[in-house]
Amino acid sequence: MPDLNKKAGVLRKTTLVDYPGHVACAFFLSGCNLKCPYCYNTGLVLSPTQEDLDSFSTIQELFNLMEKRSAVLQGIAVSGGEPLINSYTPLIIEKAKSMGLHVKIDTNGINPEILEQFMKDETLRPDFVAMDFKTSPERYATEMIGENYLHFGDTAFFEEKIRQTISILSAMPKDSFEFRTVLVPHLVEEADIKTMGQLLPKDSSWQFAHFRNENCIDPRYNQITPYNITQEEALVEYAKTFVSGANLR
């Protein structure tokens with residue numbers, strides 16, 4: 001049994017954006033099996049500093065909040081890091097479902113075996129899944145992980161994992177999953193969008209977000225100028241030629 005009183009991640013007590021359509025709380029669990037260079041959740045992905053730990057909450061604190069605000073909360077978003085590889089995630093889902101809360105999971109899409117296990121178990125099955133589709137699959141093997149990571153350079157591994165996750169989500173009701181992409185210059189260009197769009201269900205929800213060039217894991221990305229709104233809108237319009245539900249959030 002994992003220690004419920006160990007600092008586990010960042011608790012957001014109330015949110016209207018992490019689980020759209022729901023008054024929710026959110027818990028961002030530490031630990032990730034990717035190292036996206038533009039990620040700004042450095043304390044969750046890298047070894048947390050003492051300052052990071054001071055801002056972390058425990059799972060017990062999350063559970064106490066859920067019980068205290070049970071009359072207000074409609075759901076919980078479990079994010080990270082990568083929640084599918086975290087041993088606390090099943091406990092959070094089971095607790096939320098026992099309280100009648102809706103559960104949303106954010107995932108990076110390279111853990112289809114775990115996602116499928118969750119889907120097959122009624123006590124763990126999320127009500128909504130958001131997959132962060134970072135860039136074209138072949139770029140995961142070199143640009144989304146560090147050189148010392150397992151499977152560095154193994155394009156086939158990452159492409160297969162992403163395809164499997166997309167297949168699992170595609171079997172869900174259309175309104176219970178979405179794909180999300182941050183519009184990072186260099187990583188997400190027209191060629192990448194074409195490759196990504198050809199893998200996604202044509203009528204799925206594909207939500208694009210603005211890149212924030214601050215506190216990035218790779219400091220070089222702090223120097224990258226984000227796309228302007230005209231460039232972003234043009235990329236999303238191009239994405240719509242592959243996926244009708246493409247949208248700039």
Side-chain angles (χ1 to χ4, degrees), residues 19 28-29 31-39 44-45 77-90 92-94 97 102-146 149-182 184 187-188 191-209 239 242-247:
Y19 195 163
F28 298 82
L29 290 159
C32 192
N33 50 0
L34 291 182
K35 191 180 178 182
C36 303
Y38 60 88
C39 179
L44 297 174
V45 176
V78 188
S79 191
E82 173 50 48
L84 289 184
I85 64 170
N86 195 297
S87 59
Y88 286 121
T89 299
I92 296 173
I93 296 176
E94 289 172 351
K97 283 184 170 288
H102 294 276
V103 177
K104 172 178 176 277
I105 292 286
D106 296 333
T107 180
N108 60 27
I110 63 168
N111 308 282
E113 298 87 357
I114 302 173
L115 179 61
E116 189 164 34
Q117 290 175 14
F118 280 29
M119 290 298 182
K120 291 179 177 179
D121 187 336
E122 189 174 343
T123 66
L124 296 177
R125 187 183 306 130
D127 300 288
F128 193 94
V129 178
M131 173 186 151
D132 290 313
F133 200 178
K134 313 290 186 176
T135 180
S136 48
E138 60 268 23
R139 303 180 75 168
Y140 277 67
T142 55
E143 299 185 68
M144 295 295 109
I145 57 176
Y149 275 48
L150 185 65
H151 300 297
F152 180 82
D154 189 350
T155 296
F157 170 85
F158 287 97
E159 182 163 353
E160 178 59 23
K161 295 301 182 185
I162 291 166
R163 286 179 179 273
Q164 289 177 15
T165 298
I166 292 172
S167 178
I168 293 169
L169 297 184
S170 298
M172 298 174 64
K174 192 172 69 171
D175 61 353
S176 60
F177 66 94
E178 70 180 17
F179 302 95
R180 308 186 305 191
T181 300
V182 179
V184 185
L187 285 179
V188 182
D192 303 295
I193 287 175
K194 179 179 180 180
T195 300
M196 297 160 76
Q198 290 173 336
L199 294 174
L200 295 177
K202 304 310 175 189
D203 59 349
S204 58
S205 172
W206 190 6
Q207 301 297 316
F208 289 85
F242 303 97
V243 177
S244 60
N247 178 62

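All heavy atoms count here, side chains included; hydrogens, waters and symmetry mates do not.
No option in N33, T165, D132 other than N33 meets the side-chain hydrogen bond (donor to acceptor under 3.5 Å, both in side chains) test with N108.
Considering all non-hydrogen atoms of both residues, I93 and F118 come closest at CD1-CE2, 3.7 Å. Annotation for C39 and V45: closest pair SG-CG2, 3.9 Å, computed over non-hydrogen atoms.
Between I193 atom CD1 and T135 atom OG1 the span is 9.0 Å, to the nearest 0.5 Å. For the atom pair T181 OG1 and L187 CG, the distance stands at 11.0 Å (nearest 0.5 Å). Atom CG of D127 is separated from atom NZ of K97 by 4.5 Å, given to the nearest 0.5 angstrom.
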Next item on the list: In sequence, state the C-alpha distance, the side-chain angles, and the governing distance for N111 and K161, and then conclude on side-chain contact (heavy atoms from CB on, under 4.5 Å).
Entry: CA-CA 7 Å; N111 308 282; K161 295 301 182 185; over 6 Å; no
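Ring geometry for F157 versus H151: interplanar angle under 30°, hence parallel rather than tilted (30 to 60°).
Proximity of E113 to E116: side-chain heavy atoms (C-beta onward) are nowhere separated by under 4.5 Å. You'll find the side chain of F242 stays beyond 4.5 Å of the side chain of M196, heavy atoms only. Inter-residue side-chain proximity for T195 and E138 is flagged as met; some heavy-atom pair is nearer than 4.5 Å.
Taking a 6.0 Å sphere around NZ of K202, one finds it holds more than 12 heavy atoms contributed by other residues, nucleotides or ligands.
No side-chain N or O of S204 forms a donor-acceptor pair with one of E178 less than 3.5 Å apart.
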